[in-house]
Amino acid sequence: MATTKEKKKRKLAFPETGLLLLMIIVFAALLTYIMPAGQFDRMIDPESGREMVVAGTYHHVESNPTTLMQLLSSVYRGLLKAAEVISLLFITGGAFGIVSKTGAIAAGLGKLMNKLKGRETLMVAILMTAFAFCGGTFAFAEEALPFVILVVTLALKMGYDSIVGVSIVVVGIYCGYTAGPLNTFNTGIAQGIAELPTFSGIGMRIFLMAGAIVIGVAVTVAHGKKYQKLGIDNSKLLESFGAQEERPMTKQDVVILLILAASICTLIFGVIVHKWYFNEITALFFAMGLLCGLVYHRGNFNQIIRDFVDGGCEMATACIFIGMSRAILVIMEDGMIMDTLVYYISLPLSHLSNVFASWAMFLSQGIINFFIPSSTGQAVVVMPILAPVGDLVGVSRQTTVLAYQCGDGFWNMITPTFSVLMAALGLAKVSFTDWFKFAWKVVLGWTVWTFIVLTIATLIHY
């Protein structure tokens, strides 16, 4: 028989990830009955071929509130919208499933952990910086999800909790992805729309990334040390993630890790030089998985395919959450309220001084990011509006792009509509509530840092 205290605790429980996303889908549907429908005119950019919003053309259109059938089919349509990302996850998950079964990464990380024993802070800093580099150069995002379970397992072995493992990967990546020194998907597109040379002003973005890494590492390590003091036994959690027993590295492990390293180097080269996208990336990872499987299983294709399928299955929860996240965007686009939201958020910016306007751009972008969690999607909708507003209030276009990037990326860490985060939490078996208790400190630190960087950028006319 449950006590009154237990009943009260159950009543006050925060919804789990899937339920939270479902509630936001319903909320978005309700907004289509409340907010006026409206649209900006759009044009096709002759150089990039992308559909662009034309600033100053917002107008009201006939209301199109969400029907019950549209609401119930929104997850299906969200899954269709995210088909490319989901396909990428299944294939990269399968490929890393093969690599994971070899135990080579676990052996390599175990060796690194033993070398840095007692210096866990350094290990966290090294790994987060590595992921930041991946995010800042070739826009590593969904592609990093297969690493989540591996790094969570490592964090548990260090005596930390699963949140530290998720943070190393996700916070690490978004230190770099957000600042985007060479990130095509936010910096490249936004600068193109703002008519700036691609990847110009890289020095300030590296400065932004460096500060973000310091904050991310500091908050993550502080959380990890606090957990260590509790003296909690992580053995059961390690078992639930199928952690392998530590063993010394073999020549076979070295070969597999060299294949992995060569694949990542090829990925960087392909994305930056040849503009590879999901098609080429999935082909590369599939080849990597097959090669590693051939080395480990010595030509046993039956076992290689079994490992591939097992790895893909581990991505199923993440893929469902991604589809549910995209369903929110589907609802708002069908209801014709997405442009209305952007328009009304942009209106107050034209009445602020330049420094405060740059801050307001960042904060308003954080709000828009809740509803449009795609960097590319935000850029083509928001930048044509923010760029002329910046001209009006004395904020340079380079600083405007910086404000957009920070609002897009940094706020992702506490945005339940952000599919990469929700997928990572699903893989790590961490609730959004527990994550939020940790992540708001990271976002607060990043927000203060962003204010400082935007102030400097505005004052020096960056």
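Atoms considered below: every heavy atom in the structure, side chains included; atoms not considered: hydrogens, waters and symmetry mates.
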Output yes when a side-chain donor or acceptor of [X] lies under 3.5 Å from a complementary backbone atom of [Y], and no otherwise.
{"X": "H59", "Y": "Q39", "answer": "yes"}
{"X": "S73", "Y": "Y76", "answer": "no"}
{"X": "W440", "Y": "K437", "answer": "yes"}
{"X": "E314", "Y": "G97", "answer": "no"}
{"X": "T32", "Y": "T66", "answer": "yes"}
{"X": "R205", "Y": "S200", "answer": "yes"}
{"X": "N234", "Y": "Y160", "answer": "yes"}
{"X": "N186", "Y": "Y177", "answer": "yes"}

### Query
Going by the angle between their ring planes, with limits at 30° and 60°, are H60 and Y58 parallel, tilted or perpendicular?
perpendicular
Report the distance from atom [atom1] of [X] to atom [atom2] of [Y], rounding to the nearest 0.5 Å.
{"X": "L363", "Y": "I368", "atom1": "CG", "atom2": "CD1", "value": "11.0 Å"}
{"X": "L208", "Y": "I202", "atom1": "CG", "atom2": "CD1", "value": "12.5 Å"}
{"X": "F285", "Y": "I281", "atom1": "CZ", "atom2": "CD1", "value": "7.0 Å"}

Between [X] and [Y], a side-chain donor and acceptor under 3.5 Å:
{"X": "W359", "Y": "T450", "result": "no"}
{"X": "Q405", "Y": "Q365", "result": "no"}
{"X": "N412", "Y": "T415", "result": "no"}

### Derivation of the side-chain contact (heavy atoms from CB on, under 4.5 Å) call for T121 and K225
CA-CA 9 Å; T121 300; K225 290 190 178 301; 3.7 Å; yes
Can you see which heavy atom on [X] is nearest to which on [Y], and at what distance?
{"X": "S358", "Y": "V395", "answer": "N-CG2, 4.2 Å"}
{"X": "L421", "Y": "V170", "answer": "CD1-CG1, 4.4 Å"}
{"X": "I86", "Y": "C319", "answer": "CG2-SG, 3.7 Å"}
{"X": "S263", "Y": "M288", "answer": "OG-CG, 3.2 Å"}
{"X": "V420", "Y": "L145", "answer": "O-CD2, 3.6 Å"}
{"X": "A424", "Y": "V148", "answer": "O-CG1, 3.8 Å"}

Can you find a pair of side-chain heavy atoms, one from [X] and one from [Y], that are under 4.5 Å apart?
{"X": "F27", "Y": "L31", "result": "yes"}
{"X": "V75", "Y": "I25", "result": "yes"}
{"X": "L349", "Y": "S364", "result": "yes"}
{"X": "M128", "Y": "S167", "result": "yes"}
{"X": "W446", "Y": "V442", "result": "yes"}
{"X": "Q191", "Y": "Q398", "result": "yes"}
{"X": "F308", "Y": "F286", "result": "yes"}

### Message
Among V166, V164, L127, which residue satisfies the side chain to side chain contact (heavy atoms under 4.5 Å, CB included) criterion with T220?
### Response
V164
### Message
Among V430, L425, I168, V152, which residue satisfies the side chain to side chain contact (heavy atoms under 4.5 Å, CB included) criterion with I163?
### Response
V430
#### Entry: Worked check of side-chain contact (heavy atoms from CB on, under 4.5 Å) between L150 and S100
CA-CA 8 Å; L150 291 169; S100 179; 4.0 Å; yes
Got more than 12 heavy atoms from elsewhere within 6.0 Å of [atom1], [X]?
{"X": "K226", "atom1": "NZ", "value": "no"}
{"X": "Y227", "atom1": "OH", "value": "yes"}
{"X": "F199", "atom1": "CZ", "value": "yes"}
{"X": "Y33", "atom1": "OH", "value": "yes"}
{"X": "Y344", "atom1": "OH", "value": "yes"}

### Query
After noting the C-alpha distance and the side-chain angles of F418 and Y174, does the key distance pass the ring-ring contact (aromatic ring centres under 6.0 Å, His included) rule?
CA-CA 12 Å; F418 178 47; Y174 276 84; 5.2 Å; yes
### Task
Go through the steps to decide whether F207 and W449 satisfy the test ring-ring contact (aromatic ring centres under 6.0 Å, His included), and finish with yes or no.
CA-CA 11 Å; F207 178 60; W449 176 237; 5.0 Å; yes
### Task
For the pair E333 and R326, evaluate salt bridge (charged side-chain N to carboxylate O under 4.0 Å, His left out) and give the outcome as yes or no after the intermediate values.
CA-CA 11 Å; E333 286 177 342; R326 289 294 176 91; over 6 Å; no
### Message
Between D339 and R42 (salt bridge meaning N to carboxylate O under 4.0 Å), is one present in this structure?
### Response
yes
### Message
Could you go through T399 and S396, starting from their C-alpha distance and side-chain angles, then the distance that decides it, and tell me whether this counts as side-chain hydrogen bond (donor to acceptor under 3.5 Å, both in side chains)?
### Response
CA-CA 5 Å; T399 304; S396 72; 2.9 Å; yes
### Query
So F362 and F410, ring-ring contact (aromatic ring centres under 6.0 Å, His included) or not? Walk me through it.
CA-CA 10 Å; F362 160 62; F410 286 156; 7.2 Å; no
#### Entry: Residue list, salt bridge (Lys or Arg N to Asp or Glu O under 4.0 Å) with R77, at least two apart or on another chain
D334
### Task
Carefully, step by step, assess E120 and Q228 under the rule side-chain hydrogen bond (donor to acceptor under 3.5 Å, both in side chains).
CA-CA 11 Å; E120 288 84 2; Q228 277 181 329; 4.7 Å; no
### Message
As a quick check of understanding, evaluate side-chain contact (heavy atoms from CB on, under 4.5 Å) for L182 and T187, giving each step before the final call.
### Response
CA-CA 7 Å; L182 296 171; T187 305; over 6 Å; no
### Task
Flag the pair W435 / F438 as yes when their ring centroid distance falls below 6.0 Å, and as no otherwise.
yes
### Task
Mind running side-chain contact (heavy atoms from CB on, under 4.5 Å) on F131 and C175 for me, showing each step along the way?
CA-CA 9 Å; F131 279 114; C175 288; over 6 Å; no
